[in-house]
Amino acid sequence: METILGLDLPTWWFLVIGGLITGYGVLDGFDLGAGSLHLFFKKEESRRLVLNAIGPVWDGNEVWLVIAGGALFAGFPLVYGVVLSTFYVPFMLFLVALIFRAISIEFRSKEPWLWWRKMWDISYTVSSTAITLLLGLVLGNLIHGLPINKEHEFTGTLLSFFNPYAILISFTTLSLFMLHGAIYLVMKTENRLYTRLTVIVNNCSKFFILCFILTSMATLIYVPHMTHQFKSHPQLFGLPMLAVLILLNIKRNVDARKYYTAFLYSCIITACLLILFAVGLYPNIVISTTDPAYSISIYAAASSVKSLKIMLLIAAIGTPMVIGYTTFLFWTFRGKVKLNEMSY
């Protein structure tokens, strides 16, 4: 099989899609976490400040999800079809939640009525939390494996998705995004709201540490196939060790109120956990619990060599453009949030 820099084309596409999903998790993760925390703020000014902290960037961050979906369709159409048909109901709920999050942000400040703003505040928090939990549910089921038959058809029911491990991954994702979002908000605020957020950040860090420990134990006990790559390549044990060190550094920097450093580490641990997920799956993307032979690998699901080459070239051109746009956006809206007549 043709290779580029020692890696075959399906592996390159596996890395590209993994990188795009990681970019989405890192960037939209703090948006979703901020939304999940929104109702913890009681004052109107506080809610407006935390909403405007993510106001300039939230919609741009979702671009990474759109690109990841397109890349999955281009690189692994079989996986795209199997995953979307399998998770049809969760993905429909996910899209509805995305819509309600967007209109909650945009509609909230259109009218001054108290009931109007409360309604959209609740919608914003519920939709942000639902998106996060659904992402965790899909991720947890992909890690755990799905009842897929020889024809790559899902043979389970809707209740199959709500297994204990997938639910645990959902809450771990929620705890990670809440911590990520709380650290971002404390970086963007000041005075009394800053003080309030320091307490929230500390509580979120404890919540995430608990979920991290439980998830690590559950994965080792109940999902043994995720450790196969680590047993075959002992050098990969550096990744989980790195994740633990980063987690400790997040807590240390939060306690020291070094929030910019803590935010950097929360970005890194989000990426690190997704890398661990990818390493555990490789070379499979969808694991069958019916029979391991029915699992879908990157080689069985990949598009033609010509398609992979063309799309890889497009990805090589487009991805730096998206990174540049995102960097410019964050640089432009750096600093503390200030409310004005143009604010939400």
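Position 1 is the first residue of the sequence; numbering continues from there. What's counted below: heavy atoms across the whole structure, side chains too, no hydrogens, waters or symmetry copies.
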Task: Stepwise side chain to side chain donor-acceptor pair (under 3.5 Å) check, N253 with Y260 - done: CA-CA 9 Å; N253 282 281; Y260 284 90; over 6 Å; no
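- I99 is not listed as a side-chain neighbour of V96, based on a closest heavy-atom distance of 4.5 Å or more.
- Partner I131 forms a side chain to side chain contact (heavy atoms under 4.5 Å, CB included) with one of L135, L134, T129 and no other, that one being L135.
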- [ ] Test Y282 against T11 for side chain to side chain contact (heavy atoms under 4.5 Å, CB included), laying out the working first.
- [x] CA-CA 9 Å; Y282 184 84; T11 299; 2.8 Å; yes
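- A side-chain N or O of N202 and one of K251 form a donor-acceptor pair less than 3.5 Å apart.
- Distance check: S175 OG to N203 CG gives 13.0 Å after rounding to the nearest 0.5 Å.
- Looking only at atom types and distance, the side chain of H38 has no donor-acceptor partner in the side chain of T125 under 3.5 Å away.
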TODO: Mind running side chain to side chain contact (heavy atoms under 4.5 Å, CB included) on L146 and S288 for me, showing each step along the way?
DONE: CA-CA 5 Å; L146 297 166; S288 173; over 6 Å; no
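- At a threshold of 4.5 Å between non-hydrogen side-chain atoms, the residues T173 and L133 do not count as touching.
- Considering only heavy atoms from C-beta on, V82 stays 4.5 Å or farther from E153 through its side chain.
- Annotation: the span from T319 atom OG1 to L20 atom CG amounts to 5.5 Å, rounded to 0.5 Å.
- By the 4.5 Å heavy-atom criterion applied to side chains, R47 and L39 are counted as neighbours.
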Task: ring-ring contact (aromatic ring centres under 6.0 Å, His included) between F154 and F87, worked out - done: CA-CA 9 Å; F154 178 67; F87 294 107; 7.4 Å; no
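- Once rounded to the nearest 0.5 Å, the distance linking CD1 of I200 with OG of S205 reads 12.0 Å.
- Residues R108 and E44 are paired through a salt bridge, judged by an N-O separation under 4.0 Å between the basic side chain and the carboxylate.
- With rounding to the nearest 0.5 angstrom, the CD1 atom of I213 is 10.0 Å from the CZ atom of F208.
- Between atom OG1 of residue T132 and atom CE of residue M178 there is a gap of 9.5 Å, rounded to the nearest 0.5 Å.
- Ring geometry for W116 against F107 counts as parallel: the plane angle stays under 30°, on a 0 to 90° scale with 60° as the upper cut.
- Using bins of under 30°, 30° to 60° and over 60° for the plane-to-plane angle, the ring pair Y184/F263 lands in the tilted bin.
- When each of L329, T326, L27, D28 is paired with V57, the side chain to side chain contact (heavy atoms under 4.5 Å, CB included) condition holds for L329 and for no other.
- Side-chain atoms of L273 and F212, non-hydrogen and from C-beta on, do get closer than 4.5 Å to each other.
- Residues Y165 and T219 are in side-chain contact: their nearest non-hydrogen atoms beyond the backbone lie under 4.5 Å apart.
- Under 4.0 Å is where a charged nitrogen must lie from a carboxylate oxygen, and between E62 and R101 at least one such pair does.
- Proximity of a side-chain donor or acceptor of S297 to a complementary backbone N or O of N284 within less than 3.5 Å is not detected.
- Atoms CG and CD1, from L98 and I103 in turn, are 11.5 Å apart once rounded to the nearest 0.5 Å.
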